[in-house]
**Student:** 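Submitted below is the structure of interest, expressed as structure tokens.
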There are 2 protein chains.
Amino acid sequence: MVEITRKQREIQLRTQEILRVAKPILLAEGLQALTMDRVAALMQYAKGTIYNHFPNKEEIVLALALEAMKLRHKLFEKAASGDRPARIRLMSIGLACEFYTQRCTEEFQIEQWMRNSNIWDKSSPDRQTVIRQCEAGCMQIVAGLVRESLSHGELQSPKHLSPEEMVFGLWAITFGSQILTASSPSLQALGIFDPIRSTRIHCCQLLNGFGWQPILSVDEYLNLVEQIASEFFPQFEQIQREHR
Amino acid sequence: MVEITRKQREIQLRTQEILRVAKPILLAEGLQALTMDRVAALMQYAKGTIYNHFPNKEEIVLALALEAMKLRHKLFEKAASGDRPARIRLMSIGLACEFYTQRCTEEFQIEQWMRNSNIWDKSSPDRQTVIRQCEAGCMQIVAGLVRESLSHGELQSPKHLSPEEMVFGLWAITFGSQILTASSPSLQALGIFDPIRSTRIHCCQLLNGFGWQPILSVDEYLNLVEQIASEFFPQFEQIQREHR
DNA sequence: GTAAAAATTGACTTCTCGTCAATAATTGAC
DNA sequence: GTCAATTATTGACGAGAAGTCAATTTTTAC
């Protein structure tokens, strides 16, 4: 159906090459070091050619961010799979977030760049839409688990909150913790020594607060998380490798 | 003690003027519209004079951010004052956050700019330190309430979490919710219609999870929050006015 | 082999940042 | 009040990146 010439394939590959070249510059030296001139020089193309692929450098960053979010999405999918109780699989998603932040540090860092208003505001609505869809996809995986639990009776819909609003709480606490951890280098000075453990505990209390079965004590929860981690982390690593 | 000439006073006032001129540009047109040339032209000074006050525009933004955080700090102080149980005063701090986000939108927006790595990384360590201290000051107000509750026996130190780690949870969920609300325009599309109410409920569940007396049902909590709001919001408004 | 279409090139314009030598204003000693 | 020293102000300038586009080269289709 879709014809594709050698030339067109070459061009598509070059788009990937640009991202491959831009990524380490962005990660190591920041946005200001990432210039179209530099990318062009490194790839031995004229600047105009790079502009044929991306209308500005911000779009390069968002393209990298989309790659990163796709990895996150894959991790979420893996975590949500299997036939354990939904609450347990939800815990796995928490672990996927931890894995992503800690072991996919480059991707996590690039996701932060994406939230930079300089970058976001300069990029095209199209790319913004694609990224939002990917975000919504992650959200929906989690919301799916909530709905499943509701239909299986492991969770009574609290009269106060919709499934999505429950997800919002978990999302906010996980996301908030990660941003604070990443952006407040003085967290230790403030007396917070193990933010990951704290976040696990807070999630546990939120889930218990929802009345989500099986209710777990903090100790049970922490043990179970460790157990799940030892099982999932190798699988996550596999996904991470495949993602390249 | 400190001698100050007319000229020096003039210069100090001009620093304030620069901020006053820069603020609406930043808020309405973003960072790229805020140029030293433009500020200089608007104030009818040469560019070099502006550079005598701020070594770059990023420092202007951080100076504005510091003003914003001082307002936040004042709101926190007000919320934490009084002689009600610490848990109730903690709820007031949650309301202070809501007030800040919703009614001090300019300040809130500027705080977001501050977290922009372009800006943060270009500013001087000195200014960064001052800002961190202000942030730590807010944190300490909250941590103080936790410690007070511990000493009054309203709160048993959970074996799992230090006071600061409890604050971290509340901080993360509040902060995370606000960032998500501010940066995901599609929150409605995802099924989250009243993020503020959701956040209140999640905080309530976290506090109950800590076993913090008085334990409140969600309904009781929501009612009480409304009650406190009607009392505090006028006071917050007063502080906001004085802040100018 | 050739003409049309597509892709590539890099010089050029524009913009902003940040500097600094020259100039102006202020201060304080006399 | 004068004058030299100090301090502040000015704006032309250099550097460097963004983004454009007419000219040139390569590819494609016949």
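Hydrogens, waters and symmetry mates are skipped; everything else that's a heavy atom, side chains included, is used. Each chain gets a letter, A, B and so on, in the order its sequence line appears, and its residues count up from 1.
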**Student:** Can you establish whether the number of heavy atoms outside B:Gln32 located under 6.0 Å from its atom CD is more than 12?
**Tutor:** no
**Student:** If I take atom CG in residue B:Asn118 and atom C1' in nucleotide C:dC17, what distance separates them, rounded to the nearest angstrom?
**Tutor:**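 My rounded result for the distance is 14 Å.
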**Student:** Base, backbone or nothing for each nucleotide of nucleotides 21-30 of chain D, written B, S, -, heavy atoms under 4.0 angstrom, 5' to 3'?
**Tutor:** ------SS--
**Student:** For A:Tyr100 and A:Phe108, take the angle between the two ring planes, folded into 0 to 90°, and tell me which bin it lands in: parallel under 30, tilted 30 to 60, perpendicular over 60.
**Tutor:**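 Perpendicular.
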**Student:** Can a donor-acceptor pair be found between the side chains of A:Gln238 and A:Arg241 at a distance below 3.5 Å?
**Tutor:**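 Yes, because at least one side-chain N or O of A:Gln238 sits under 3.5 Å from a partner of the opposite role on A:Arg241.
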**Student:** Check for a donor-acceptor pair, side chain of B:Thr105 on one end and backbone N or O of B:Gln102 on the other, with a separation under 3.5 Å.
**Tutor:** no
**Student:** Rounded to whole Å, how long is the line connecting atom NZ of A:Lys47 with atom C1' of C:dA7?
**Tutor:**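 Taking NZ of A:Lys47 and C1' of C:dA7, I get 18 Å after rounding.
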**Student:** Can the positive tip of B:Arg103 be found less than 6.0 Å from the middle of the six-membered ring of B:Phe236, inside 45° of the ring normal?
**Tutor:**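 That pair does not qualify as a cation-pi contact.
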**Student:** Using whole Å, what does the distance between atom P of nucleotide D:dG19 and atom CD of A:Glu59 come to?
**Tutor:** 10 Å
**Student:** Within a strict 4.5 Å, meaning less than it, do heavy atoms of the A:Leu145 and A:Ile93 side chains meet?
**Tutor:**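 Touching, per the 4.5 Å side-chain cut-off.
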**Student:** Grab the CG-P distance between A:Asn52 and D:dG19 for me, whole Å please.
**Tutor:** 14 Å
**Student:** Whole angstrom is fine here: how far is it from CD in A:Gln12 over to C1' in C:dA7?
**Tutor:** 15 Å
**Student:** Just say parallel, tilted or perpendicular for the rings of B:Phe168 and A:His202, cut-offs at 30° and 60°.
**Tutor:** tilted
**Student:** Could you tell me whether A:Glu135 and A:Arg72 have a side-chain N and a carboxylate O separated by less than 4.0 Å?
**Tutor:** no
**Student:** If the plane angle is over 60° it's perpendicular, under 30° parallel, otherwise tilted; pick one for B:Phe99 and B:Phe233.
**Tutor:** perpendicular
**Student:** Which one is paired to C:dC30, where only Watson-Crick or G-U wobble pairs with both distances under 3.5 angstrom count?
**Tutor:**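 WC or wobble partner is D:dG1.
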**Student:** Can a side chain N or O of B:Arg14 be found less than 4.0 Å away from OP1 or OP2 on D:dT9?
**Tutor:** yes
**Student:** Taking the side chain of A:Lys57 as its heavy atoms from C-beta onward, which of D:dA18, D:dT9, D:dA12 lies nearest to it?
**Tutor:** D:dA18
**Student:** So do B:Ile192 and A:Met139 actually touch side chain to side chain, heavy atoms under 4.5 Å?
**Tutor:** yes
**Student:** In whole angstrom, give the distance that lies between atom CD1 of A:Ile50 and atom C1' of C:dA7.
**Tutor:** 13 Å
**Student:** Report the C-alpha distance between B:Gln112 and A:Ser117 in whole Å, list the side-chain angles of each, state the deciding distance to 0.1 Å, and finish with yes or no for side chain to side chain donor-acceptor pair (under 3.5 Å).
**Tutor:** CA-CA 9 Å; B:Gln112 303 316 115; A:Ser117 51; over 6 Å; no
**Student:** Mind listing the residues from residues 119-126 of chain B sitting with a heavy atom below 4.0 Å of DNA chain D? Number order is fine.
**Tutor:** none
**Student:** Which of residues 31-46 of chain B sit near DNA chain D, with a heavy atom under 4.0 Å from it?
**Tutor:**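 Close to the strand are B:Tyr45, B:Ala46.
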